[in-house]
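The figures that follow rest on heavy atoms only: side chains count, while hydrogens, waters and symmetry mates do not.
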Amino acid sequence: MTRAMGAAMRRIHVGNALSAFGLGFTVPYLYVYVAQVRGLGAMTAGLVLAVFAVAALIVLPFAGRAIVRRGPLPVLLAALVLAALGALSLGLAGGAATVLLSAAALGAGQAVMQPALATMIVDCSSADTRSRAFAMQFFLQNLGLGIGGLIGGHLVDTTRVSSFTLLFAIEALMFLLLVGVMATVRMPHSPRMADAPARSAKGGWKQLLGNRAMVQLCVLGFVLFFACYGQFESGLSAYGVEAAGISTSALGTALAANTLMIVVAQFAVLRLVERRRRSRVIAAVGLIWAVAWLAAGYAGLGHGSQEMATAAFVSTYALFGLGEAMLSPTVAPLVADLAPEGLAGQYNSAFALVKQLALAVGPAVGGPLGASLHAPYIVTFLLFSLSITVLALRLGRRLTAVQDRPWTARESRVVSRGQATAEPVTAEA
């Protein structure tokens, strides 16, 4: 990594921390704010959460093309301004229509930030530093969300609308501060890996869909986000309360255990996975999450004491956190390394779109299932976790040597990405 790349990467990491810190102020309290503080009811609050997902699904297909044509930095700055306006107007909005429009602006801005920042990380890293860069991003995001949520929880007062207005104003300020930080970034061009699939010069969705490895990774990504992230605040929490009798305080402890596991284990895990095949690491995550679902099954369907059930439920969230820490230096860099030169923004946006689809479908399926059909819920997501292992191993057969084992890029001094020069890895490689 050059000095210019290192300087740009430091600013990008500061930006990730600031954006996560701002989001942490408001995300945990959005439902309460709309439904109770503004008195707009549960239906409107539910619509606001749905608008976030819908806005993301609408803008992401266009975000990739914009990043490819204009570069990630201008797109990121526009997204930050839009998100800041959405956050500020949401804090001032009093009616349902204004709240929904503000949520749409905030959701669209947040959605575009993800692939833009990911593409900037790709452009400011090399093949052998990319995993560590994405691990740092994930670490800072979780740390920022946790600290923001903790501080925000001490500032809010459900009897005072002004306390929530302050939270949204702080969030908007974080986005605008991030505009100032990112505007100083001087983007270098990253070295490229030589053995990503070669495609025609024309970018776009047709080219992406013709990349079978990327299509398989998108399917795998959907299952990953559907079976884990899509259940955190919907199906799994409903299951814990209804089947395992978990108290709200214990549920908070479980969520804290998830974040703590990520923050504590991230770099220890990174050292373990850096020189291991990416497909095998993802396959191992499927097995770890299968154990997590077995622990959840014991919590709600076993016959132990309430203390044992609570411990098992908290362990479920901690095991999910361990899997997330293994995925952060694995999946996002793989998306980047599958992209032909110049199309990293398109590929990052496509994968973000898959993530949003999974996060939209996951709660809709898992919520009712976890609340009422307890045994089928556990069995269903246990099978989904095992399918992660199967899909990851199948993906590994289609990846090239450098895509699955990125440390070989440094050993072979391959730094040009976008031209196929290696045969796909076989099952014995």
(request) Decide yes or no for Thr98 and Ser89: does some side-chain heavy atom of the first lie under 4.5 Å from some side-chain heavy atom of the second? (result) no
(request) Check whether any side-chain heavy atom of Leu106 sits under 4.5 Å from a side-chain heavy atom of Phe175, and report yes or no. (result) yes
(request) Indicate the ring-plane relationship of Tyr33 and Phe168, choosing parallel, tilted or perpendicular according to the 30° and 60° boundaries. (result) tilted
(request) Hey, could you give me the CD/CG distance between Gln403 and Leu217, rounded to the nearest 0.5 Å? (result) 10.0 Å
(request) Give a yes or no answer on whether the side chain of Ser349 reaches the backbone of Gln346 with a donor-acceptor pair at less than 3.5 Å. (result) no
(message) Please tell me whether Phe134 and Phe138 form a close aromatic pair, meaning their ring centres lie under 6.0 Å apart.
(response) no
(message) Using the side chain to side chain contact (heavy atoms under 4.5 Å, CB included) criterion, which residues pair with Ala17? Sequence neighbours excluded.
(response) Leu140
(message) Could you measure the distance from the CG atom of Leu177 to the CZ atom of Phe21? Nearest 0.5 Å is fine.
(response) 10.5 Å
(request) Let me see the working for Asn348 and Gln114 under side-chain hydrogen bond (donor to acceptor under 3.5 Å, both in side chains), right down to the final yes or no. (result) CA-CA 8 Å; Asn348 283 323; Gln114 298 176 31; over 6 Å; no
(message) Which heavy atom of Met9 sits nearest to which heavy atom of Ala133, and what is that distance?
(response) CE-CB, 3.8 Å
(message) What's the separation between atom CG in Asp337 and atom OH in Tyr347, rounded to the nearest 0.5 Å?
(response) 12.0 Å
(request) List the atom of Phe226, the atom of Val361, and the distance in Å for their closest heavy-atom pair. (result) CE1-CG1, 3.9 Å
(message) Is any side-chain heavy atom of Leu334 closer than 4.5 Å to one of Leu399?
(response) yes
(request) Answer whether the closest heavy-atom distance between the side chains of Gln216 and Leu391 falls below 4.5 Å. (result) no
(message) Ring centres under 6.0 Å, that's the criterion: do Trp293 and Tyr377 meet it?
(response) yes
(request) Considering non-hydrogen atoms only, spot the tightest contact between Ala336 and Arg130 and give its length. (result) CB-CD, 4.1 Å
(request) Heavy atoms only: give me the nearest Pro115-Ala352 pair and the separation to one decimal. (result) CD-CB, 4.3 Å
(request) Answer yes or no: is there a side-chain heavy-atom contact under 4.5 Å between Val161 and Arg38? (result) yes
(request) Would you kindly say whether Ser328 and Gln266 are connected by a side-chain donor-acceptor distance under 3.5 Å? (result) yes
(request) Applying side-chain hydrogen bond (donor to acceptor under 3.5 Å, both in side chains), run through Thr259 and Asn142 and close with a yes or a no. (result) CA-CA 6 Å; Thr259 302; Asn142 280 275; 4.8 Å; no
(request) State, to 0.1 Å, how close Ala358 and Phe225 come at their nearest heavy-atom pair, and which atoms those are. (result) CB-CB, 3.5 Å
(message) Taking ring pair (Phe, Tyr, Trp, His ring centres under 6.0 Å) as the cut-off, I'd like each qualifying pair that reaches into residues 260-282, sequence neighbours left out, listed once.
(response) Phe139-Phe267
(request) Please name all residues satisfying side-chain hydrogen bond (donor to acceptor under 3.5 Å, both in side chains) with Glu171, sequence neighbours left out, ordered by chain then number. (result) Thr26
(request) Find the distance between OH (Tyr229) and CG (Leu236) and round it off to the nearest 0.5 Å. (result) 14.0 Å
(request) For the pair Thr165 (side chain) and Leu92 (backbone), establish whether a donor and an acceptor sit closer than 3.5 Å, ignoring hydrogens and angles. (result) no
(message) So which atom in Val331 and which in Ile282 form the shortest heavy-atom distance, rounded to 0.1 Å?
(response) CG2-CD1, 4.0 Å
(request) Report the C-alpha separation of Leu57 and Leu353 in whole Å, then their side-chain angles, then the decisive distance to 0.1 Å, and conclude whether the side-chain contact (heavy atoms from CB on, under 4.5 Å) test is met. (result) CA-CA 6 Å; Leu57 296 177; Leu353 179 62; 3.6 Å; yes
(request) Quick one: pull up CG in Leu60 and NZ in Lys355 and give me the separation to the nearest 0.5 Å. (result) 10.5 Å
(request) Could you tell me whether Asp404 and Arg277 have a side-chain N and a carboxylate O separated by less than 4.0 Å? (result) yes
(message) Using 0.5 Å steps for rounding, measure from the CG atom of Leu393 to the CG atom of Leu220.
(response) 10.0 Å
